[in-house]
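For reference, positions follow the sequence shown, starting with 1.
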Amino acid sequence: MSSTHGPRPLRWVKSTHSGGEGGNCIEWAWVKSTYSGGEGGQCIEWAAEHAAATGEFLVRDSKDPNGPRLTLTREGFAGLVEFAKHHG
């Protein structure tokens, strides 16, 4: 696990639901964890496309999208997922 200072820029991807005329475009980079509760607490998000493009797994608190984020290796991210599975 490393700190967030100096991460590569996020890779933004246009939504597949956007029209081809240039209107109603939504770009996304963060995906809410399936292990996050639906009540608005303990929610984390990760930047899936950024991970696929760079190998860096960025994780943040969905309640504080402009706050700090973690940069994890593939192994570190896998460990976080395993922890969430077992400790929910």
Side-chain angles (χ1 to χ4, degrees):
M1 181 173 13
S2 64
S3 70
T4 60
H5 86 83
R8 296 180 202 158
L10 285 175
R11 178 182 161 127
W12 290 93
V13 178
K14 185 181 285 190
S15 169
T16 58
H17 298 287
S18 295
E21 306 79 40
N24 297 324
C25 294
I26 298 173
E27 293 181 338
W28 58 271
W30 296 95
V31 177
K32 187 173 284 194
S33 168
T34 57
Y35 297 101
S36 294
E39 298 79 41
Q42 297 186 13
C43 298
I44 64 166
E45 297 174 319
W46 69 292
E49 287 293 325
H50 181 78
T54 68
E56 291 179 335
F57 289 74
L58 304 179
V59 179
R60 72 178 183 184
D61 181 347
S62 65
K63 297 178 301 305
D64 188 11
N66 295 316
R69 63 182 185 223
L70 297 174
T71 302
L72 304 172
T73 63
R74 180 176 304 279
E75 295 79 17
F77 186 73
L80 177 64
V81 170
E82 283 301 311
F83 180 84
K85 285 180 182 178
H86 297 292
H87 302 284

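Side chain of R60 to backbone of P65: a donor-acceptor contact under 3.5 angstrom is found.
Between the CD atom of E56 and the CZ atom of R74 there is a distance of 12.0 Å, given to the nearest 0.5 Å. Here the straight-line distance linking atom CG of L70 with atom CD1 of I44 works out to 9.0 Å at 0.5 Å rounding. Considering CD of E75 and CG of L80, their distance stands at 13.5 Å, rounded to 0.5 Å.
For E82, the side-chain contact (heavy atoms from CB on, under 4.5 Å) criterion is met by K85, H86, not counting sequence neighbours.
A pairwise comparison of heavy atoms in A48 and V31 identifies CB-CG2, 4.1 Å as the closest pair.
Residue T71 is tested with L58, V59, T54 for a side-chain contact (heavy atoms from CB on, under 4.5 Å); the sole match is L58.
For residues 54-76, the set of pairs meeting the ring-ring contact (aromatic ring centres under 6.0 Å, His included) definition, not counting sequence neighbours, comprises F57-F77.
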